[in-house]
Every structure is written in structure tokens, then in C-alpha cells.
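I have placed the structure first, in the form of C-alpha cells, so that the comments after it can refer back to it.
Atom set for the values below is all heavy atoms of this structure, side chains included, hydrogens, waters and symmetry mates excluded. All of these numbers come straight from a predicted model, not from anything done at the bench.
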Amino acid sequence: MLVDLYGGKRLDDVGHVERTLKRCVEAAGATLLHLHLQPLEPTGGITGVAVLAESHISIHSWPAEGYAALDVFMSGSADPQRTVSVLKEAFEAGEVVVRTHRRGKASKSRSNAPARKVRAA
């Protein structure tokens, strides 16, 4: 999944991003192998990756714009869809746009699903 967060908060808080990615891994039923986050200067953003036994979750944030881009790739019984509500709540995002892109054999038998938006309540 490709996840775009708009109107997000705390996108420059390394501890908060770390806790959120760990919650995403748990929610999805995945296995965390390694987590690395790097603050970016001078933008104040954060880039990083959670390496999973099932693949990975990556993040790159632009706090001044309230925007973050995440890639949530998982295989096996892990459910990447479960990360969306965690991300929306943790970053208080006004809008979340999710695009699903299937790879490998699945991409040959199915068309890619259109983007869907998750709006603030």
C-alpha cells in the first residue's frame, strides 16, 4: 500500500513516529526485525524504515506541510490495511489516501485498486 497523510501532526517527533510504526506492526500481525529512523535537517522531517519478516514499512515526512508518505508492504498473513487507522489516529491526519498496488503473480490476475480516501470525522 502507498499511504499519503495530509494535515498530520507530530511528524517531526522521532519517539512518536517510532511508537506509531511499532503499533502498526502489531496491528498488522507482522514481525519487526529492525527499525531505523533518521531526523532530516534542515526540513525537520523524518525518514525511516521498519524492516519486517513480512517486508517493510517506510516513512518520509514533511512536518511544515503536515504531510507524510508511507509505503506499507507485507506478505503472508500480515494485514497491511490494519495500519491505516493506527496512522490516521496517531498523526491526527485530516485526510489519508491509500493506494493498493499488487505485485508479482497477484498483479497479473487482478487490476490495481483505485485510491481511496479516509476523511477526518
Side-chain angles (χ1 to χ4, degrees):
M1 292 185 329
L2 305 175
V3 181
D4 292 304
L5 300 175
Y6 298 94
K9 299 176 183 172
R10 299 185 73 183
L11 296 170
D12 57 350
D13 182 337
V14 173
H16 183 68
V17 172
E18 179 176 352
R19 288 186 297 277
T20 299
L21 291 183
K22 286 180 178 179
R23 285 179 50 211
C24 285
V25 172
E26 184 177 318
T31 306
L32 181 64
L33 300 176
H34 178 75
L35 177 61
H36 179 78
L37 298 173
Q38 180 65 46
L40 300 172
E41 296 300 333
T43 66
I46 295 172
T47 190
V49 64
V51 178
L52 311 174
E54 299 80 7
S55 196
H56 71 276
I57 301 171
S58 63
I59 185 169
H60 195 95
S61 71
W62 290 264
E65 287 80 31
Y67 174 74
L70 293 99
D71 297 338
V72 182
F73 292 111
M74 296 182 185
S75 62
S77 62
D79 184 354
Q81 294 291 334
R82 293 184 178 173
T83 65
V84 177
S85 61
V86 173
L87 294 168
K88 185 177 187 329
E89 179 270 327
F91 296 116
E92 301 176 47
E95 183 178 12
V96 180
V97 177
V98 179
R99 291 177 181 81
T100 302
H101 179 79
R102 301 199 183 276
R103 291 192 162 159
K105 291 181 183 180
S107 68
K108 289 182 180 181
S109 62
R110 299 180 187 158
S111 63
N112 291 327
R116 63 181 170 89
K117 292 184 180 183
V118 180
R119 300 213 185 267

Nearest 0.5 Å, please: how far is [atom2] in [Y] from [atom1] in [X]?
X: Leu21; Y: Leu37; atom1: CG; atom2: CG; value: 6.0 Å
X: Thr43; Y: His60; atom1: OG1; atom2: NE2; value: 6.0 Å
X: Thr47; Y: Trp62; atom1: OG1; atom2: CH2; value: 8.0 Å
X: Leu87; Y: Ile57; atom1: CG; atom2: CD1; value: 7.5 Å
X: Leu2; Y: Leu70; atom1: CG; atom2: CG; value: 10.0 Å
X: Thr31; Y: Met74; atom1: OG1; atom2: CE; value: 10.0 Å

With a 4.5 Å limit on heavy-atom distance, are the side chains of [X] and [Y] in contact?
X: His16; Y: Lys9; value: no
X: Gln38; Y: Ile46; value: no
X: Met1; Y: Gln81; value: yes
X: Phe73; Y: Leu52; value: no
X: Val96; Y: Tyr6; value: no
X: Val97; Y: Val3; value: no

Salt bridge (charged side-chain N to carboxylate O under 4.0 Å, His left out) between Lys22 and Glu18, worked out: CA-CA 6 Å; Lys22 286 180 178 179; Glu18 179 176 352; 3.1 Å; yes

Side chain to side chain contact (heavy atoms under 4.5 Å, CB included) between Leu5 and Lys88, intermediate numbers included: CA-CA 8 Å; Leu5 300 175; Lys88 185 177 187 329; 5.6 Å; no

Is Arg82 atom CZ crowded by more than 12 heavy atoms from other residues, nucleotides or ligands, each under 6.0 Å away?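 No, CZ of Arg82 has 12 or fewer neighbouring heavy atoms, counting only those of other groups under 6.0 Å.
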
Can you say whether the rings of His34 and His36 are parallel (under 30°), tilted (30 to 60°) or perpendicular (over 60°)? parallel

How far apart are the closest heavy atoms of Gly44 and Pro63, and which atoms are they?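 Looking at all heavy atoms of both residues, the closest pair is O-CG, 3.4 Å.
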
Give me the atom names and distance for the closest heavy-atom approach of Cys24 to Thr83. O-CG2, 3.6 Å

Spell out, as yes or no, whether a donor-acceptor pair under 3.5 Å connects the side chain of [X] to the backbone of [Y].
X: Ser61; Y: Leu11; value: yes
X: Ser75; Y: Glu54; value: yes
X: Arg23; Y: Arg19; value: no

Cluster question for you: counting only ILVMFWY and a side-chain heavy-atom cut-off of under 4.5 Å, with indirect links fine, are [X] and [Y] together?
X: Val25; Y: Val14; value: yes
X: Ile59; Y: Val49; value: no
X: Val17; Y: Leu32; value: yes

